[in-house]
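Every number for a ligand or one of its atoms is a count from 1 in the order of the listing. Because the structure is predicted, anything quoted here is derived from the model rather than measured.
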Amino acid sequence: MQIKPVQPRQAGLSELALRTEEPPITWLMSAVLDRPKLISLAVGFTDSATLPVEEAADLLKRLLKNKSRSRAALQYGSTRGLPELRQLTADRVSSLDQLSQPIPSDNVVITTGSQQLLYLLTEALCDPGDIVLVEDPTYFVYLGILQSRGVHARAVRMRPDGIDLEHLEQVLRELRDAGELPRLKLFYMVSYFQNPTGRSTGFQKKLAALDLLRSVERAAGHAIYLLEDAAYRELGFAKTSDRSALAAKRNERVFYTGTYSKPFATGVRVGFGILPEPVLGAVLRIKGNHDFGSSSLLSWLLAEAIHEGVYERHLACLRVRYQRKARLMERAMKEHFPAGKAMWEPPQGGLYFWVQLPKTVRTGARSKLFKSAVANDVLYVPGEFCYAEDRARSKPKHELRISFGAASESDIRLGVARLGKALEKG
Ligand SMILES: Cc1ncc(COP(=O)(O)O)c(C=O)c1O
């Protein structure tokens, strides 16, 4: 039986549904399914070969053999999340941040990936027409959340060592002069091995950003927050000791989001946030309406993995593996990309290379280069996806993101060679 669609305007869809554009991630993921020979250097998936299959099977078996835990694991949990995992998370982040006073586990919320928390936080803070500062470029899926919710983005430039503080100051001044500060709610920052550039913003810069945001609060008439997305924090090739904004003396304006997806298993999709009141309460009330709690079973799996040391051991393997794959990708880029045409900064962690081409070379989904790359069976993320709509500048269109996360070593070599061919033509 065929179900005949109606025109969206006649379907009674909400303003939000009508406004929401197709996220590029959906399209990028389906492109892979449509062309089985295609090598995707686009998606930020983790390395399938390293997924902790046996470890997870073993942990789950032991968990489900334990009478009381197995019942709890197969039952609904609470909106805030599994207390054991909240405590382990609070301890873990406190130790990464070398905090003398540990983070209270009551400030931790467990979510269905950190993606859910990014959505919840934006929903809790922003009404249509509000403004969020983002890095330029930034994590493109977050831009989708802003677009969908009718929130405007203002872009803050990046330098090789993270955000450009002078530009942040300038953007805040412009917002003040335009009388727009009352609509400014937060600054979203991917602070470690950023997606897409691989750059990190250090502790001192985070402190300076917090000061700048605080300095305009009076004019805004409300709090302005730093949303620190630390998704790649644990994926530094060397262990990083750089602290998060939670370690600031005045950290009451800091939202910290983290994930166990990338460092453990993306399919498990457990994320978390460390939030101050009263935003935490608002997020919990909204999460209560979304799903009244993330999966107990997966939260227990993570709690056991951390408690038993499985998580830490897995992470140590991943760091070595990703470093090797990053080096391999760079060697392939040097070999196959036309000399002098492509520039990049070798990442020290995370999953990505951000490649800059001459300004005359377009990389967008309709560009000659993109079509030629797909015809050569290789996929990248067009850089323009990662730039917010910002009236203050036009979007750069000559960059692309490739990832060494999901592809095997041989696919990295082959994929980069194919991209090199497309670049020679482009
Ligand atoms: C910067 C950043 N934040 C958050 C996420 C969401 O990850 P998850 O929902 O799996 O925790 C991703 C995923 O790619 C990401 O790159």
(message) I'd like to check the ring pair (Phe, Tyr, Trp, His ring centres under 6.0 Å) partners of Phe370; sequence neighbours left out, ordered by chain and number.
(response)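 So Phe370 forms a ring pair (Phe, Tyr, Trp, His ring centres under 6.0 Å) with Trp27, Tyr380.
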
Pairs under 3.5 Å, N/O atoms on ligand 1 and on the protein: can you put them in a table with the distances?
{"residue": "ligand 1", "atom": "3 (N)", "partner": "Asp229", "partner atom": "OD1", "Å": "3.4"}
{"residue": "ligand 1", "atom": "3 (N)", "partner": "Asp229", "partner atom": "OD2", "Å": "2.6"}
{"residue": "ligand 1", "atom": "9 (O)", "partner": "Ser114", "partner atom": "N", "Å": "3.2"}
{"residue": "ligand 1", "atom": "9 (O)", "partner": "Gln115", "partner atom": "N", "Å": "3.0"}
{"residue": "ligand 1", "atom": "9 (O)", "partner": "Arg269", "partner atom": "NE", "Å": "3.3"}
{"residue": "ligand 1", "atom": "9 (O)", "partner": "Arg269", "partner atom": "NH2", "Å": "2.9"}
{"residue": "ligand 1", "atom": "10 (O)", "partner": "Ser261", "partner atom": "OG", "Å": "2.7"}
{"residue": "ligand 1", "atom": "10 (O)", "partner": "Arg269", "partner atom": "NE", "Å": "2.9"}
{"residue": "ligand 1", "atom": "11 (O)", "partner": "Ser114", "partner atom": "N", "Å": "2.7"}
{"residue": "ligand 1", "atom": "11 (O)", "partner": "Ser114", "partner atom": "OG", "Å": "2.8"}
{"residue": "ligand 1", "atom": "11 (O)", "partner": "Thr259", "partner atom": "OG1", "Å": "2.5"}
{"residue": "ligand 1", "atom": "14 (O)", "partner": "Lys262", "partner atom": "NZ", "Å": "2.8"}
{"residue": "ligand 1", "atom": "16 (O)", "partner": "Asn195", "partner atom": "ND2", "Å": "2.9"}
{"residue": "ligand 1", "atom": "16 (O)", "partner": "Tyr232", "partner atom": "OH", "Å": "2.6"}

(request) Check whether any side-chain N or O of Lys185 sits under 3.5 Å from a backbone N or O of Leu125 as a donor-acceptor pair, and report yes or no. (result)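 Checking the backbone N and O of Leu125 against the side chain of Lys185, a donor-acceptor pair under 3.5 Å is found.
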
N/O donor-acceptor pairs under 3.5 Å from side chains in residues 346-359, not counting sequence neighbours:
{"residue": "Gln348", "atom": "NE2", "partner": "Pro346", "partner atom": "O", "Å": "3.3"}
{"residue": "Tyr352", "atom": "OH", "partner": "Tyr232", "partner atom": "OH", "Å": "2.7"}
{"residue": "Gln356", "atom": "NE2", "partner": "Glu399", "partner atom": "OE2", "Å": "2.9"}

(request) Supply the atom-to-atom distance Tyr256 OH to Ser114 OG, rounded to the nearest 0.5 angstrom. (result) 10.5 Å

(request) Nearest 0.5 Å please: distance from the CG atom of Asp106 over to the CD atom of Gln87. (result) 9.0 Å

(message) Show me the pairs that pass ring-ring contact (aromatic ring centres under 6.0 Å, His included) and involve residues 264-288, at least two apart or across chains.
(response) Tyr260-Phe272, Phe264-His314

